[in-house]
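Quantities reported herein were computed from a predicted structural model and do not represent experimental measurements. Throughout, residue positions are numbered sequentially from 1 according to the sequence presented.
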Amino acid sequence: MLKQLGEYKDRLYSILAGDNKIRCLLLGEDYEDKFDDLDSELEKYICPHLYTEPTVTETHSYIFFEIYIPRTTTAVKTMKIFIQTICHKNITKYKEKPKNYYGLRYDVLSQYVEELLCPVDKENREKIIRRFGIGRIDLSSVDLFLSNDFVGHSLTFSVPDFR
């Protein structure tokens, strides 16, 4: 079971890091032209662990995540995905917000994550289920995240059972 945690963590990282909207928000609109090693740059801002104070040093936006299996039987496993979408207090406001998105920078980042993991469109939902390799992902709670110079959301997603 512990091997599965690592596998699902890698899959989730791939889903988050592969999304163009998330890349644009974390790295800027012209990110493809800015960085020679895009993968290394994304690893600075999408981290497969939950926030710890020394981790965050830049005035930037971040996604931290962890996967947890709170309950398992021989037939059913339940998975929880914890995601923190945070940004430095000095960059919470946009000069120009992405169209059809509302709130501050960390609100928009949270909306992107929810859209990506819990798409309304049935075809996209099935695609995420296949790509992640488990059942449907549902957003079960949203909490505030506050720490020194950073603010954001702590999102909890539930996956009721593995496929």
Would you say the side-chain atoms of [X] pair up with the backbone N or O of [Y], donor to acceptor, closer than 3.5 Å?
X      : Y      : answer
Arg105 : Tyr94  : no
Lys34  : Gly28  : no
Gln111 : Tyr102 : yes
Thr156 : Ser140 : no

Partners of [X] by salt bridge (Lys or Arg N to Asp or Glu O under 4.0 Å), sequence neighbours excluded?
X     : value
Lys97 : none
Asp33 : none
Asp10 : none
Lys21 : Glu115

Practice task
Answer yes when Glu66 and Lys9 have at least one side-chain N-carboxylate O distance shorter than 4.0 Å, and no when they do not.
Solution key: yes
By side chain to side chain donor-acceptor pair (under 3.5 Å), which residues pair with [X], not counting sequence neighbours?
X      : value
Thr92  : none
Glu123 : none
Lys89  : Asp149
Asp36  : none

Problem - Residues in ring pair (Phe, Tyr, Trp, His ring centres under 6.0 Å) contact with Phe145, at least two apart in sequence or another chain - result: Tyr51
Problem - ring-ring contact (aromatic ring centres under 6.0 Å, His included) partners of residues 109-130, not counting sequence neighbours, each pair once - result: Tyr101-Tyr112
Exercise for the section: Could you tell me which residues satisfy side-chain contact (heavy atoms from CB on, under 4.5 Å) with Asn90, sequence neighbours excluded, listed by chain and number? Expected result: Thr59, His88
Problem - For Arg125, side-chain contact (heavy atoms from CB on, under 4.5 Å) partners two or more places apart - result: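 Arg125 satisfies side-chain contact (heavy atoms from CB on, under 4.5 Å) with Pro119, Lys122, Ile129, Arg136 only.
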Problem - Closest heavy-atom pair and its distance - Leu27, Leu42 - result: CD1-CD2, 3.6 Å
Exercise for the section: Could you label the plane-to-plane angle of the Tyr45 and Tyr62 rings as parallel, tilted or perpendicular, counting under 30° as parallel and over 60° as perpendicular? Expected result: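 Tilted: the ring planes of Tyr45 and Tyr62 meet at 30° to 60°.
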